[in-house]
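Positions are given from 1 along the sequence.
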Amino acid sequence: MTTDSDVIIIGSGIGGSTLASAIAPSGVRVLILERGEYLPDSPDARDDVAIFEKGVYRSSEEWTGSDGQKFLPGNYYYVGGNSKFYGAVMYRYRAEDFRPRRHLRGNSPGWAISYAEMEPWYAKAEALFRVRGTADQDPTEPPRSGPFPYPAVPDEPALRLVRERLKRAGVHPASLPLAIDIEAWLARGKTGWDAFPNTGGAGKIDAEVGPLAEALTHPNVTLMTGAQVTRLETDESGSRITAAIIRRNGREERLTARHFAVAAGAVQSAALLLRSTNAAHPTGLGNRSDQLGRNFMNHNTSAMITLNPLIRNDSVYQKTLCFNDFYNDDPEAHAPLGNVQLLGRITGNILKAQIPGLPRPLARLVADRAFGWFLTSEDLPNPDSRVLVRGGDIVVDWQRSNMDAHHMLIRRTRQVMRRAGFPVTLVRIFGNRTTSHQCGTARLGIDPASSVVDPDCRSHDIANLWVTDASVLPTSAAVNPALTIAALALRAGQALAHDCRTRRSSC
């Protein structure tokens, strides 16, 4: 059978680009389809007013909430996907995250894969993204086969004082694992990187700068931009996908391959497969379990600002510290609460963008004394929390869970901050339309009756369909999912490359 490619990968974010880097050395013909274009370099890339107030990079695409109201999600469509704007935090899920466990309101079901099975892939992903960190500060750090590839990003002077204050307050501040070359980042501009895109090819190791650049060094790998996949076609039996239908330059094209990997993000991947109905798959491709689009998770998150009028924050990037003392167990709740980490530096302009009624001079005065924190608690899988397609609309019906744990995490963190000498703590809980850590809509598992893909991220129903983004995460844990997505994509890449080597007739 003549095809355009051996493998078509839909999406150039962390899942898609990492998969491409994994299979590129095998020599198979890989075509990566990206609906966006390369993000051009411009002064806006380091302009906090342009990014936070004007929203120059945000997509105009709207989704629909469960209340029927349209909203602008936090999705970006560029080469590198959402990782162009990510905070570059590359956490391993903790060993406990892979096992079933009780939460304050509900249970986490665990994974069909153990942490021990994932550990080698985490190590490979850290090397691919050149992660900086240290393993000797965080008591929840899982077992490792080796050290981080690079030393931790250093604290700025103001943050060294905060670290010492946190220690005296009784917690274990630890350096965040970061995919940041700090010298290269600061050489292009004195800003943080959280929500600021890397447009210079150095500094923040996102999907484009890391795995995609590696993949494209191989002549058998091609990237096609401006190519939005509208649906996938199968053969008459429905046992194999035969083509991706794309819109490009105002025209429809049909691209064929032997294998297809969907990595467009948890919402968009589910929507694509749900849209691709046919006689053999009337409820969506790979949806015999009726789990496609279900179990949508998104983390319960808050921003906290801590203030002491006598302590000035003169940091530039700030985002180097975290603590996980309440991650696995809280002495009062006897249940996991979550992660606390620094946000990127909150400038007066960023604060003004979040509180439009605040006069800019006052916003700058507050920002000079403010330290920003990001609090994350686990959102538990629920089949009624789901992504749907109605007509041409994507509907996100997020059924939030485990909020009691998040409210307790806020209380515990406030207590710590006051002991650390920050008498003022201001909190904003992010609402149902915050979609920064979306996951879970094509869950991974062993049982085809209750999951969409197997532990290699291959569809239970369609032999040549793979899903390699946050869709497959069976649980959300309470840390940033980027490294886990990359580790799973590397693992899937091994299986896909092996299939290509051993079944030359099919790849």
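Using a 4.0 Å cut-off between charged side-chain N and carboxylate O, Lys204 and Asp181 make no salt bridge. Ionic pairing of Lys124 and Glu119 is not present here: no N-O contact between side-chain nitrogen and carboxylate oxygen is shorter than 4.0 angstrom. Using a cutoff of 4.0 Å between basic side-chain nitrogens and carboxylate oxygens, Lys70 and Asp393 are scored as salt-bridged. Of the charged side-chain nitrogens involved, none lies within less than 4.0 Å of a carboxylate oxygen, so that Asp235 and Arg240 do not count as a salt-bridged pair. Between Asp379 and Arg400, no side-chain nitrogen of the basic residue sits less than 4.0 Å from a carboxylate oxygen of the acidic one, so the salt-bridge criterion is not met.
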Notebook entry, point to check: Does the side-chain hydrogen bond (donor to acceptor under 3.5 Å, both in side chains) test come out yes or no for His406 and Ser302, once each step is laid out?
Noted result: CA-CA 9 Å; His406 192 65; Ser302 294; 2.7 Å; yes
Checklist line | Residue pair Asp499, His259: steps toward the side-chain hydrogen bond (donor to acceptor under 3.5 Å, both in side chains) verdict | finding: CA-CA 10 Å; Asp499 191 85; His259 289 267; 3.3 Å; yes
Next item on the list: Show the numbers, then the answer: is there a side-chain contact (heavy atoms from CB on, under 4.5 Å) between Gln69 and Thr64?
Entry: CA-CA 6 Å; Gln69 298 299 307; Thr64 303; over 6 Å; no
Notebook entry, point to check: Does the side-chain contact (heavy atoms from CB on, under 4.5 Å) test come out yes or no for Asp4 and Leu31, once each step is laid out?
Noted result: CA-CA 9 Å; Asp4 297 306; Leu31 174 62; 5.6 Å; no
Next item on the list: Any chance you could lay out the side-chain contact (heavy atoms from CB on, under 4.5 Å) test for Leu272 and Val229, step after step, and finish with the verdict?
Entry: CA-CA 8 Å; Leu272 172 61; Val229 181; 3.9 Å; yes
Check: Would Phe196 and Phe85 satisfy ring pair (Phe, Tyr, Trp, His ring centres under 6.0 Å), going step by step from the backbone distance to the final call?
Finding: CA-CA 6 Å; Phe196 290 84; Phe85 298 85; 9.5 Å; no
Item checked: Residues Leu321, Leu176; criterion side-chain contact (heavy atoms from CB on, under 4.5 Å); working and verdict -> CA-CA 5 Å; Leu321 277 183; Leu176 278 168; 5.9 Å; no
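Summarising the geometry, atom OG belonging to Ser377 is positioned 9.0 Å from atom CG belonging to Asn339; distances are rounded to the nearest 0.5 Å. How far CG of Leu232 is from CD1 of Ile10: 4.5 Å, rounded to the nearest 0.5 Å. Within the model, atoms CD of Gln438 and CG of Asn82 stand 6.5 Å from one another, a figure rounded to the nearest 0.5 Å. Note: Thr320 OG1 to Ile180 CD1 = 11.5 Å, rounded to the nearest 0.5 Å. One distance of note links CG of Leu273 with CZ of Arg231; it measures 14.0 Å at 0.5 Å rounding. Here the straight-line distance linking atom NE2 of His460 with atom CG of Leu465 works out to 11.5 Å at 0.5 Å rounding.
Tyr78 and Tyr38 have their aromatic ring centers separated by at least 6.0 angstrom.
In summary, the side chains of Asn295 and Gln291 do present a donor paired with an acceptor at a separation below 3.5 Å, with no hydrogens or angles considered. Neither side chain, Tyr91 nor Gln341, offers a donor N or O lying under 3.5 Å from an acceptor on the other. Inspection of the Glu61 and Gln268 side chains reveals an N or O donor paired with an N or O acceptor under 3.5 Å. Defined by atom type and a distance below 3.5 Å, a donor-acceptor pair is missing between the side-chain atoms of Asp461 and Ser459. Gln137 and Thr134 form no side-chain donor-acceptor contact under 3.5 Å, judged by distance and modelled atom types alone. Side-chain contact of Ser451 with Asp447: a donor-acceptor pair under 3.5 Å is absent, judged by distance alone. With no hydrogens or angles considered, a side-chain donor-acceptor pair links Trp111 and Thr475 at under 3.5 Å. Judged by distance alone, the side chains of Ser276 and His281 never bring a donor and an acceptor atom under 3.5 Å apart. There is no side-chain donor-acceptor pair under 3.5 Å between Ser401 and Asn382. Remark: the Ser145 side chain and the Tyr122 side chain contain no N/O donor-acceptor pair separated by less than 3.5 Å.
Side-chain atoms of Arg58 come within 3.5 Å of backbone atoms of Pro73 as a donor-acceptor pair (strictly under, hydrogens ignored). Side-chain N or O atoms of Ser59 include none that pairs as donor or acceptor with a backbone N or O of Asn75 at under 3.5 Å. With Asn480 contributing its side chain and Ala482 its backbone, the two residues share no donor-acceptor pair below 3.5 Å. Side-chain atoms of Ser289 do not come within 3.5 Å of backbone N or O of Ser450 as any donor-acceptor pair. A side-chain donor-acceptor contact under 3.5 Å links Ser21 to the backbone of Thr18. Of the possible donor and acceptor atoms, none in the side chain of Trp398 sits under 3.5 Å from a partner among the backbone N and O of Ser385. Side-chain atoms of Asp325 never come within 3.5 Å of backbone atoms of Val171 as a donor-acceptor pair (strictly under, hydrogens ignored).
Residues satisfying the salt bridge (charged side-chain N to carboxylate O under 4.0 Å, His left out) test with Glu141, not counting sequence neighbours, are Arg94, Arg144. Remark: Asp194 pairs with Lys319, Leu343 by the side chain to side chain contact (heavy atoms under 4.5 Å, CB included) rule, at least two apart or across chains. Under the rule for a side chain to side chain contact (heavy atoms under 4.5 Å, CB included), the partners of Val389 that lie at least two apart in sequence or sit in another chain are Ala271, Leu274, Arg275. In this view, Thr242 satisfies the side-chain hydrogen bond (donor to acceptor under 3.5 Å, both in side chains) rule with no residue, not counting sequence neighbours. The salt bridge (charged side-chain N to carboxylate O under 4.0 Å, His left out) check on Glu208 picks up Lys84, with sequence neighbours excluded. Taking Thr230 as the reference, Ile245, Arg247 meet the side chain to side chain contact (heavy atoms under 4.5 Å, CB included) condition, with sequence neighbours excluded. Applying the side-chain hydrogen bond (donor to acceptor under 3.5 Å, both in side chains) criterion to Glu252, with sequence neighbours excluded, gives no partner residue. Partners of Asp136 under the salt bridge (charged side-chain N to carboxylate O under 4.0 Å, His left out) rule, at least two apart in sequence or in another chain, do not exist in this structure. Annotation: side-chain hydrogen bond (donor to acceptor under 3.5 Å, both in side chains) contacts of Glu37 (sequence neighbours excluded): Thr225. A search for salt bridge (charged side-chain N to carboxylate O under 4.0 Å, His left out) contacts involving Arg386 returns nothing, not counting sequence neighbours. Taking the side chain to side chain contact (heavy atoms under 4.5 Å, CB included) definition, one finds that Ile446 meets it with Ala112, Pro455, sequence neighbours left out.
In this structure the side chain of Ser17 reaches within 4.5 angstrom of the side chain of Ser12, judged on heavy atoms. Counting heavy atoms from C-beta on, the side chains of Pro481 and Ser476 never come closer than 4.5 Å.
Each salt bridge (charged side-chain N to carboxylate O under 4.0 Å, His left out) pair with one or both residues in residues 8-25, not counting sequence neighbours, would appear here, but there are none.
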